[in-house]
Amino acid sequence: MIIAIDGPAGSGKSTIAKLVALELGFEYLDTGAMYRMVTLRLVNKKISLEDIRSIEKELKNMKIDILNNRFFLNNVDVTDEIRTPIVSENVSKVAKIKEIRYKMVELQREISKSKNTILDGRDIGTVVFPNADLKVFLVASSEERANRRVKEFLSKGIDTDFQTVLAEIIKRDEMDSTRKESPLIQAEDAVLIDTSFMTIEEVSREIINLVNKRI
Ligand code: CDP
């Protein structure tokens, strides 16, 4: 069984997907983290996003492993590094590149093969798994999403402010929604859940109810 959770930045996808995976005994795949890993690599190696040949070479030399929700890039644990502002600022530019998307989608399908998996991202229900058993599109107001992100940063000891985070989220949504390759869009058959005034438990309960209805 495949559950696809899509939605804009900070709508609660990863928190909810992790919880639902745990309750249902499913695997969880955070596809955003994969685009973040590629971004980290390209930023560190100072590779221009126009230089498709070098990007393709990097993609070949990049080994992405995910173990117990920790992310390894060529055997180095980059779980914390992929959440830093430099990666967040650049990830949507990287995720526009079709050669990168092609490779990531291939990997995502491979990782989820013959396993009950819940995936979160932007194009899971539209492109990666158009035949997913359940598709959910999570949304929340930009202010609420920025608030959540600020709290998340603070809990990790990262100093930030509301306006900066809000501007970054709005800019990323705009880029993700308007790009040519696999834009962020609600699949026709996805269930829309507005999480602005819902607790994490309420959202995950609603998704589990939807899964139970489909079994
Ligand atoms: O957690 P947050 O909402 O901040 O974003 P994320 O899920 O970590 O994704 C980071 C970025 O990767 C997004 O803003 C998209 O540009 C890109 N992405 C994508 O294009 N397709 C996906 N399936 C997942 C993420």
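We use all heavy atoms of the structure for the numbers below, so side chains are in, but hydrogens, waters and symmetry mates are not. All ligand and atom numbering here is 1-based and tracks the order in the structure.
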| query | Any side-chain heavy atom of Q163 within less than 4.5 Å of one from L166? | reply |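 Yes - at least one pair of side-chain heavy atoms lies under 4.5 Å apart.
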Salt bridge or not for [X] and [Y], using N-O below 4.0 Å?
X: E144; Y: R148; value: yes
X: K18; Y: D120; value: no
X: D176; Y: R179; value: yes
X: K213; Y: D133; value: no

| said: For a quick check: using heavy atoms under 4.0 Å, what are the residues in contact with ligand 1, sorted by chain and number? | reply: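 Lining ligand 1: A9, G10, K13, T31, G32, Y35, R36, R83, V91, S92, A95, R101, G121, R122, D123, R149, R172, D176, R179.
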| Check: I124 main-chain N/O paired with D6 side-chain donor or acceptor under 3.5 Å |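 Checking the backbone N and O of I124 against the side chain of D6, a donor-acceptor pair under 3.5 Å is found.
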